[in-house]
Amino acid sequence: MVLDRDGLDALTMRAVATELGMATMSLYRYVTDKDELETLVVDHVLSGVDPAVPPGDWRERITELVSRMRAEVLAHPAAVPLLVRHRHAVPSSLALIEAALAILTEAGFTGEPRVIAQRTIVAYLFGMLQNEHYGPLSGGGTAVMAAQERFPLLAETAAQARQVDAEFHKGLEVVLRGLESR
């Protein structure tokens, strides 16, 4: 896929047409514009996520579903900005949201608490995907913060952050515990 190989900036109608072995104008028979192309990319990425999770505790089920989504998106990291922009217009995304809402409903979330729970989980997932994409703990930004001396707590925390394992799952556990106390 052009996106995986060459990055988001390379995702153009021309590049995709070339990848498919067709003229750019021919691609317009199937895709109206770049916005629709981006939407199709997001649908392609998320269509690899199985929304069916085994029965059990709602927190375990949500963790499984969200972990599957994260893994699929991280397999196509350049798609992260597209996911945030196009999630509402993609059938596979809507199916995953419906699956999450079903889990929350079975756990007793209804009305406003269900809205808040679903939006909180999505915000956590998307925020973490962006953190992992743009500023991973193992990245250069963390090293720079650890090396500076003006803000000692930041330096200490950044140095420790480079050793953190399972950041995503530990953070998700905190979020779900918070939702549980509704």
Worksheet entry | side-chain contact (heavy atoms from CB on, under 4.5 Å) between T24 and V16, intermediate numbers included | CA-CA 8 Å; T24 303; V16 171; over 6 Å; no
Worksheet entry | Step-by-step side-chain contact (heavy atoms from CB on, under 4.5 Å) determination, L129 to V84 | CA-CA 10 Å; L129 285 169; V84 174; over 6 Å; no
Fill in: Derivation of the side-chain contact (heavy atoms from CB on, under 4.5 Å) call for V2 and T18
CA-CA 10 Å; V2 171; T18 300; over 6 Å; no
Worksheet entry | Step-by-step salt bridge (charged side-chain N to carboxylate O under 4.0 Å, His left out) determination, R68 to E64 | CA-CA 6 Å; R68 289 178 188 176; E64 178 63 28; 2.8 Å; yes
Practice prompt. Tell me, with the steps shown, if E38 and R85 meet side-chain contact (heavy atoms from CB on, under 4.5 Å).
Written response: CA-CA 9 Å; E38 291 177 351; R85 191 172 337 145; 2.9 Å; yes
Practice prompt. Give the C-alpha distance, both sets of side-chain angles, the deciding distance and a yes or no for salt bridge (charged side-chain N to carboxylate O under 4.0 Å, His left out) between E19 and R5.
Written response: CA-CA 11 Å; E19 181 92 2; R5 185 183 61 242; 2.8 Å; yes
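No side-chain heavy atom of P77 sits less than 4.5 Å from a side-chain heavy atom of Y134. Residues N131 and P136 have side chains not in contact (no heavy-atom distance under 4.5 Å, counting atoms from C-beta outward). Annotation: side chain of F109 is not in contact with side chain of Q118 (no heavy-atom distance under 4.5 Å).
Looking at every heavy atom in both residues, A89 comes nearest to T39 through O-CG2, 3.7 Å. The shortest heavy-atom contact between A159 and A146 is N-CB, 3.7 Å. Of all the heavy atoms in P51 and A95, the pair that sits closest is CB-O, 4.5 Å. A pairwise comparison of heavy atoms in P81 and A78 identifies CD-O, 3.3 Å as the closest pair.
Atom CG of L37 and atom OG1 of T12 lie 8.5 Å apart (nearest 0.5 Å). Note that the CG atom of L3 and the CG atom of L8 stand 6.0 Å from one another [nearest 0.5 Å]. To the nearest 0.5 Å, the span separating OG on S93 from NE2 on H86 amounts to 11.5 Å. If you take CG on D50 and CD on E72, they are separated by 10.5 Å, rounding to the nearest 0.5 Å. Atoms CD1 and OG1, on I121 and T63 in that order, are 8.5 Å from each other to the nearest 0.5 Å.
No continuous path of ILVMFWY side-chain contacts below 4.5 Å connects L137 to V144, so the two sit in separate hydrophobic clusters. There is no path of hydrophobic side-chain contacts, each under 4.5 Å, that joins V115 to L179. Cluster annotation: I116 is not connected to L176 through the hydrophobic network of ILVMFWY side chains, with a link wherever side-chain heavy atoms come within less than 4.5 Å. When the side chains of ILVMFWY residues are joined at heavy-atom separations under 4.5 Å, either directly or via intervening members, M25 and M13 end up in a single hydrophobic cluster. Clustering ILVMFWY residues whenever any of their side-chain heavy atoms sit less than 4.5 angstrom apart, transitively, puts L11 in the very cluster that holds L74.
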Contacts under 3.5 angstrom, residues 96-108 side chains, donor-acceptor by atom type, not counting sequence neighbours:
residue: T105; atom: OG1; partner: L101; partner atom: O; Å: 2.7
residue: T105; atom: OG1; partner: R114; partner atom: NH1; Å: 2.7
residue: E106; atom: OE1; partner: R61; partner atom: NH1; Å: 2.7

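Checked by atom type, the side-chain pair H169/S67 shows a donor-acceptor distance below 3.5 Å.
Residues forming a ring pair (Phe, Tyr, Trp, His ring centres under 6.0 Å) with F126 (at least two apart in sequence, or on another chain): none.
Formation of a donor-acceptor pair under 3.5 Å by the D43 side chain with backbone atoms of V90 is not found in this model. Not one N or O on the side chain of K170 forms a donor-acceptor pair closer than 3.5 Å with the backbone of V164. Checked by atom type and distance alone, the side chain of Q160 never pairs as donor or acceptor with a backbone atom of Q163 at under 3.5 Å.
With salt bridges taken as basic N to acidic carboxylate O contacts below 4.0 Å, none links E173 and R59.
Ring geometry for F168 against Y124 counts as tilted: the plane angle lies between 30° and 60°, on a 0 to 90° scale.
H76 pairs in a side-chain contact (heavy atoms from CB on, under 4.5 Å) with only one of the listed residues (L46, V45, V42, V41), which is V45.
Around the CG atom of D33, the shell of radius 6.0 Å holds more than 12 heavy atoms that belong to other residues, nucleotides or ligands.
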